[in-house]
Number of protein chains: 2
Amino acid sequence: MVEDHPLVKEGIMAILADEADINCAGHFYNGTDLLYRLKSFQPDVILMDLDLPDMTGLDLCRKVKNLYPAVCVVALSINNQAGIIKKMMENGASGYVLKDAAQHEITEAIRTVVKGKQYFSRSASLYLRKADTSQLPPLTRREKQVLEKIADGLTNPQIAELLFVDVSTVNSHRKNMLAKFGVQNTAALIKLAIKENLI
Amino acid sequence: MVEDHPLVKEGIMAILADEADINCAGHFYNGTDLLYRLKSFQPDVILMDLDLPDMTGLDLCRKVKNLYPAVCVVALSINNQAGIIKKMMENGASGYVLKDAAQHEITEAIRTVVKGKQYFSRSASLYLRKADTSQLPPLTRREKQVLEKIADGLTNPQIAELLFVDVSTVNSHRKNMLAKFGVQNTAALIKLAIKENLI
DNA sequence: AAAAAATTCCCCCTTTTGGTGGAAATGTAT
DNA sequence: ATACATTTCCACCAAAAGGGGGAATTTTTT
């Protein structure tokens, strides 16, 4: 287990202690410690928090799966963004359990992924389904750049200077984003972008 | 204890189980259940999550303290907004423990508040200090109303119509907020407002 | 009751944004 | 190679936002 919140760590420990067929091989407060330990011993499953002090769960998961493909990773997160869930699965995770999960969901997740199957906690799959129906149009690289500058309070002329392009170009990107998201103005665009974790 | 996340609940239970002088009198998944139980029995301390399914921690804390002033409330939250911490204390809470707290901080909090003192976990007091130095100017009621409408993508004329005031009035509020927060335009205002949990 | 703050409205003027409708030049994937 | 998407730019024009200043009225606080 990699989990930097002692409260959650203790909770999972307590839940797992009751299970005869599940044994906790070790606990780490950050990704570096885990990677070091994996050199000498690979567990069947790694429960991995996504908000670690030294690296993102995305990076840690990729690293672990590259070095030891046989190890199953179950992501553990308070983050319910469908985008993050999808990215974790692309990075090789086998399961995703939100921290509001019920006790049995943790043990269910472990037992499911060691069989080679995927597991999502109830609330995680809810979010995935919702994201499927109401997915947002993707932003291009350039649009994302412009969006960040807009959010920082820069005007089109200022952004144009920064990116070495014409004002009309920046304005095009801005207008394209408004159209993509179906919002009326920059204020609504920024709100949506932040709420959807785009910036 | 009032806590709707089973993982955290189990963690706290496990931590408290090791302490001879602390005894968990009961656990509830929502505020209503707690209030019902308090009619027949009042514990010394209530550990209270702020993100409950049926009511906000702010409301629950106020209700509990109004009905049973002798009970000490310790807020338990992933939320590190200084504003929320201050509001909880104003509503009668005795302590504030963030969910990234170390094990001993939970027990320390409980032992401290029963003595009538206040307790803040390390990270909570860090945030309080930071908020003291870099505090944001407060928004008035009207400004907050206008700000929400702006964030929803409404223009000054539209907001004016909604609030039955002149466009110039709405514009004044908008300009005042820009000046208060020292930002250049609406985009930066919205970003700041969301990041600071004002909307 | 007096002082302070909030809400309301006004002026003038410049800059920025947003709407419509293009089009050419790169990349990128099939 | 050939579609497709992205990035770049153009014109025109209306609407909205923002900067400067001022001022009257109502609420709230002291």
Side-chain angles (χ1 to χ4, degrees), chain A residues 83 86-87 90 135-196 198-199, chain B residues 62 83 86-87 89-91 135-199:
Chain A
K86 276 173 67 180
K87 275 185 198 154
E90 283 162 17
Q135 56 188 311
L136 296 168
L139 288 182
T140 68
R141 225 174 324 165
R142 206 55 159 173
E143 285 170 343
K144 231 172 258 175
Q145 279 178 26
V146 172
L147 181 58
E148 277 162 21
K149 308 273 180 283
I150 293 175
D152 286 339
L154 301 190
T155 65
N156 287 346
Q158 291 170 327
I159 297 170
E161 200 177 359
L162 261 179
L163 299 182
F164 303 108
V165 294
D166 195 88
V167 184
S168 64
T169 305
V170 179
N171 201 30
S172 288
H173 290 311
R174 186 192 284 256
K175 288 189 282 193
N176 277 338
M177 286 190 278
L178 293 181
K180 268 189 184 180
F181 289 121
V183 290
Q184 309 77 9
N185 55 37
T186 302
L189 176 68
I190 296 298
K191 180 182 170 189
L192 193 141
I194 297 180
K195 297 278 183 195
E196 295 297 332
L198 298 175
I199 44 177
Chain B
R62 190 173 40 240
K86 277 173 65 181
K87 275 185 199 155
M89 304 316 285
E90 284 164 15
N91 279 1
Q135 57 189 309
L136 295 168
L139 288 182
T140 68
R141 223 173 327 162
R142 205 53 158 173
E143 285 170 342
K144 231 173 259 177
Q145 278 177 26
V146 172
L147 180 58
E148 277 162 21
K149 305 274 180 285
I150 293 175
D152 286 339
L154 301 189
T155 65
N156 286 346
Q158 291 171 329
I159 298 170
E161 201 178 359
L162 262 179
L163 300 182
F164 304 106
V165 293
D166 195 89
V167 184
S168 65
T169 304
V170 179
N171 202 31
S172 287
H173 289 312
R174 187 190 286 257
K175 288 191 281 192
N176 278 338
M177 286 189 277
L178 293 180
K180 268 189 183 180
F181 289 121
V183 290
Q184 310 76 11
N185 54 36
T186 302
L189 176 68
I190 297 297
K191 181 182 169 187
L192 194 141
I194 296 181
K195 297 277 183 196
E196 296 296 332
N197 256 15
L198 298 175
I199 46 178

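Chain letters run A, B, ... following the sequence lines, proteins first and then strands; every chain starts at 1.
Going from atom CG of B:Leu163 over to atom NE2 of B:His173 covers 8.0 Å, rounded to the nearest 0.5 Å. Summarising the geometry, atom CD1 belonging to A:Ile190 is positioned 8.0 Å from atom NZ belonging to B:Lys191; distances are rounded to the nearest 0.5 Å. For the atom pair CG (A:Leu178) and CG (A:Asn185), the distance works out to 7.5 Å, reported to the nearest 0.5 Å. Remark: B:Ile159 CD1 to B:Ile150 CD1 distance equals 5.0 Å, nearest 0.5 Å. Distance check: B:Leu147 CG to B:Leu192 CG gives 9.5 Å after rounding to the nearest 0.5 Å. Once rounded to the nearest 0.5 Å, the distance linking OG1 of B:Thr186 with CE of B:Met177 reads 8.5 Å.
The distance between atom CG of B:Leu139 and atom P of C:dA6, rounded to the nearest whole Å, is 10 Å. Rounded to an integer number of Å, the gap from A:Asn176 CG to C:dG18 C1' is 12 Å. Between the CG atom of A:Leu163 and the P atom of D:dT7 there is a distance of 11 Å, rounded to whole Å. Distance, B:Phe181 CZ to D:dG18 P: 14 Å, rounded to whole Å. The nearest whole Å value for the distance from the CD1 atom in A:Ile159 to the C1' atom in D:dT8 is 16 Å.
Taken residue by residue, residues 141-151 of chain A places heavy atoms nearer than 4.0 Å to DNA chain D at A:Arg141, A:Arg142.
Of all heavy-atom pairs between A:Lys180 and A:Leu139, the closest is NZ-CA, 3.9 Å.
The main-chain N or O of B:Leu154 is never found under 3.5 Å from a side-chain atom of B:Asp152 such that the two would form a donor-acceptor pair.
Along DNA chain C, the nucleotide closest to B:Thr140 and the one closest to A:Gln158 are compared, and the more 5′ of them pairs with B:Thr140.
B:His173 has no side-chain polar atom (N or O) that falls below the 4.0 Å cut-off from OP1 or OP2 of C:dC9.
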Practice prompt. For nucleotides 9-17 of chain D, just jot down a letter per nucleotide in 5' to 3' order: B, S or -, based on protein non-hydrogen atoms under 4.0 Å.
Written response: BS-----SS
